[in-house]
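As the structure lists them, so they are numbered: ligands from 1, and atoms in each ligand from 1. Below, all heavy atoms of this structure are taken into account, side chains as well, without hydrogens, waters or symmetry copies.
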Amino acid sequence: MNFQIKSLKDYQDAYSKSVSDPEAFWAAIADHFQWKRKWDQVLKWNFKEPKIEWFKGAKLNITENCIDRHLVDKADQPAIIWEANDPHEHHRVLTYKQLHQKVCLFANVLKNNGVKKGDRICIYMPMVPELAIAVLACARIGAIHSVVFGGFSAQSIADRIKDAQCEMVITADGGFRGAKDTPLKNVIDDALVQCPSVKTVIVLTRTRTPISMIKGRDKWWEDEIKKVETLGLIDCEPEVMDAEDELFILYTSGSTGKPKGVVHTCAGYMVYAAYTFQNVFQYQPKDIYFCTADIGWITGHSYIIYGPLAQGATTLMFEGVPTYPDAGRFWDIVDKFKVNILYTAPTAIRSLMQSGLDYVKDKDLSSLKVLGSVGEPINEEAWNWYNENIGKSKCPIVDTWWQTETGGIMISPIAGVTKTKPCYATLPLPGVQLELVDEKGEVIEENGVSGNLCIKFPWPGMIRTTYGDHERCRQTYFVTYENKYFTGDGCLRDEDGYYRITGRVDDVINVSGHRIGTAEVENAINMFTDVVESAVVGYPHEIKGQGIYAYVILNHDSDDEELTRKDISMTVSRIIGAIARPEKIQFVKGLPKTRSGKIMRRILRKIAEGDVANLGDTSTLLDPAVVEDIKNNKL
Ligand code: WTA
C-alpha cells in the first residue's frame with residue numbers, strides 16, 4: 001500500500017498534513033482498505049463525554065481486510081508461521097488461503113453454537129494458531145472477543161467474564177510454555193463456578209492432559225469442526241459491521257482495584273493498527289516478521305494479528321518462552337525462518353543479555369533488518385546490547401511507545417527514517433498530537449523539560465469506552481486535564497524535541513512490560529487470613545524493569561516469616577496470577593499515613609528503592625516513628 005513513509009521529508013509532510021487536516025489525512029489512508037460502504041463523516045468527537053467516532057456510516061468487516069482481499073494475489077503466501085514450544089515439534093504454516101478456510105470453519109462453529117453479532121466471547125488459550133483463528137472467527141461474525149492472558153488465575157478470569165457477561169469461553173485442555181504445561185481447562189472450570197452467563201465452552205486439544213468435560217456445556221474444538229464440515233458449512237460470509245461497532249474488549253490494570261475493559265471498535269482500530277505496522281517497521285513484501293508478544297496483551301492483538309494481516313504480511317507466532325530449551329531460542333528462530341523484523345520487550349532483552357553471548361555467537365542473524373522494543377522503558381545498556389549483538393549495528397531499533405488504550409504505536413522512530421537515540425521513543429507518528437503538562441495542568445511549550453504526557457486530538461485507534469462503565473473511561477483518561485487524553489505516563493522532551501518515556505506517574509507498576517495495579521495486589525494480599533493491611537509499590541528490578549515490593553501488617557507475629565511470605569505469594573497467585581506475586585514482602589508494624597489516613601506511597605517507594613536518605617517532606621505524617629521502623633528493617 002502506498003501510504004508508506006520513505007524519508008524524513010515524507011514523515012514531516014505526513015505529520016503536518018495530519019495536524020492541519022486530520023480528516024483528509026486519515027480518509028486518504030482509509031481509502032486503501034476494503035469497505036462495504038464508505039463513511040459519511042471521517043471524524044466526530046468530543047473529549048468531554050468522551051464520544052469518539054471515526055469513519056461514521058462506513059460498513060466493513062476487518063477479517064475481509066485481513067484475509068479475503070489477500071486471496072487475489074497472496075493466497076499461497078504464508079499468513080501465519082507457527083513455531084512450537086518444543087523445538088523438535090514440527091512448525092506449522094498457514095497460507096492466506098488456509099487461514100481463510102480455518103477462520104470460516106470456526107466462525108461457522110461459533111454460529112452453530114448460537115453465537116450472534118455483539119455476543120461476548122472469552123478466549124483463554126495457549127499461543128497456537130487456533131488462538132489467532134478464534135480471534136478472527138469472532139471478528140468474522142461480529143462477536144466481541146475478550147482474550148485473557150494464559151497466566152491469569154481463575155478468579156481474574158471470572159472477574160473478566162462477569163464484567164463482560166460472556167456467553168462462551170474458548171480454551172484448550174492445556175498449554176506448553178517452557179518446561180511447564182499449564183492446565184488451562186482446569187482453571188476455566190474453577191472460574192466458571194462463578195459465571196452463569198457462560199453456556200458453552202469450546203476446548204481445543206493441545207496437551208491432551210486429562211480434563212473434565214461437562215455434558216451440554218463443554219465441546220471439543222475438533223468435534224465441532226467436523227460437525228460444521230458434515231453440515232457443509234464451509235464458507236462464512238463476513239458480518240457487515242458498522243465502523244463504530246465493538247471489535248474487542250481487552251482488560252488492563254489501572255489505579256483502582258478492578259481491571260477495566262478497554263473497548264476498541266472496528267474501522268478506526270483497523271486503519272490505525274495497519275498504518276502504524278506498515279510505517280514503523282517498514283514491512284516489505286515477503287518479509288518474515290516476528291513479534292514475540294503474547295496475544296493475551298494488546299501487542300499481540302495489534303502486531304501479531306490485525307496489523308500484519310491487514311497488510312498481507314507473514315507473521316510469525318511462537319508458543320514458548322525465550323529461555324527454553326535455552327537462552328538461544330529467539331536466535332534459533334530468527335536463523336531458522338530468516339526473520340527480517342523482530343519485535344520484542346526490554347525484559348526479554350535484559351534476560352538474554354544476562355545469559356551471555358554464547359547463545360548468540362553461532363546463530364545466523366544476517367536476515368534481520370529492523371528491531372523493535374515495546375512495553376516498558378528500555379535502558380541504555382540493553383539498547384546497546386540489542387543494537388550491537390543482535391542488530392550488528394546495522395538494524396534500526398524502533399522503541400515504540402503506546403498503550404492498550406491507544407490501540408497502536410503512538411511515539412516511535414520510523415525504521416531507517418528517523419534518527420534513533422538510545423532510550424528515546426523519539427517522535428510522534430502522524431496523527432498523534434502530544435502535549436506535556438505540568439502538575440498545575442499548564443501545557444509545557446519548551447524543550448528539555450519533563451511533564452505528564454497527554455494527547456490533545458483523537459487518533460483512529462483510540463479507546464472508545466471502558467466496557468459497561470463509560471463514566472470510568474471519562475474519569476480515568478479525560479478528567480485529569482480538560483480536553484486532553486491523559487496517558488498516565490511521565491515523559492521528557494529533550495532539546496531536539498525527542499520524547500523519552502520515564503514511566504508511570506499513577507499507581508501502576510510495569511513488571512516485565514505487564515501493567516499491574518498496586519490496588520489490585522493490595523486487595524489480593526489483604527485476603528490472606530493474617531493480614532491487617534498492606535501497601536504495594538514498585539522498585540527498580542534488573543531484569544523485569546520493576547518489581548513488586550509489599551509492606552504488610554500481620555495481626556500477630558509470624559512464627560516462620562519465610563513460610564508466611566510464601567503463603568501470601570500463593571494467595572496473590574490464586575487471586576490474580578503468578579505475574580502479580582510480590583518479589584519482596586516486608587512485615588511492618590504500621591504504614592506511613594497522613595493525618596487524613598492516606599498512605600504516603602512516595603516514602604514507601606523511596607525506601608523500596610533503597611533511597612532512604614531522600615525521603616522528602618515527612619512533616620505531614622501522623623506517626624513519623626513508623627518510617628524509622630520500616631527503614632531499619634528494610635529487606
Ligand atoms: C509502558 C503496551 C517506555 C508505558 C503496548 C505505558 C513504555 C504502558 C513503552 C502501556 C516504551 C509501553 N517505553 N514505556 N516504548 N511502551 N510502555 O497497555 O508506561 O500493556 O503506559 O501496552 O507501558 O502498557 P500496555
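- The protein heavy atom nearest to atom 3 (C) of ligand 1 is Pro377 N, 3.1 Å.
- Aromatic ring centroids of Phe486 and Tyr477 lie 6.0 Å or more apart.
- In this view, Lys606 and Asp611 satisfy the salt bridge (Lys or Arg N to Asp or Glu O under 4.0 Å) rule, not counting sequence neighbours.
- The protein heavy atom nearest to atom 4 (C) of ligand 1 is Asp489 OD2, 3.1 Å.
- At a 3.5 angstrom cut-off on N or O pairs, Thr400 counts as close to ligand 1.
- If you check which protein heavy atom lies closest to atom 5 (C) of ligand 1, you get Trp402 CE2, 3.4 Å.
- With a heavy-atom cut-off of 4.0 Å, Thr299 touches ligand 1 through its side chain alone.
- Scanning the protein for heavy atoms near atom 24 (O) of ligand 1, the closest one is Arg515 CD, 3.1 Å.
- Taking any N or O of Thr252, backbone or side chain, none lies under 3.5 Å from an N or O belonging to ligand 1.
- Here the heavy atom of the protein found nearest to atom 13 (N) of ligand 1 is Glu376 O, 3.4 Å.
- Among all protein heavy atoms, the one lying closest to atom 1 (C) of ligand 1 is Gly375 O, 3.3 Å.
- Of the charged side-chain nitrogens involved, none lies within less than 4.0 Å of a carboxylate oxygen, so that Lys258 and Glu520 do not count as a salt-bridged pair.
- A salt bridge links Arg601 to Glu522: one of the charged nitrogens lies within less than 4.0 Å of a carboxylate oxygen.
- Here Lys260 does not pair with Asp163 in a salt bridge; the nearest charged N to carboxylate O distance is not below 4.0 Å.
- When every heavy atom of Ala132 is checked against every heavy atom of Ile305, the shortest pair comes out as CA-CD1, 3.9 Å.
- Annotation: atom 18 (O) of ligand 1 to nearest protein heavy atom, Thr404 OG1, 2.5 Å.
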Between Phe248 and His301, does a ring pair (Phe, Tyr, Trp, His ring centres under 6.0 Å) hold up when you go through it step by step? CA-CA 10 Å; Phe248 67 84; His301 283 58; 4.8 Å; yes
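- Only the side chain of Ile298 comes within 4.0 Å of ligand 1, counting heavy atoms alone; its backbone N, CA, C and O stay farther away.
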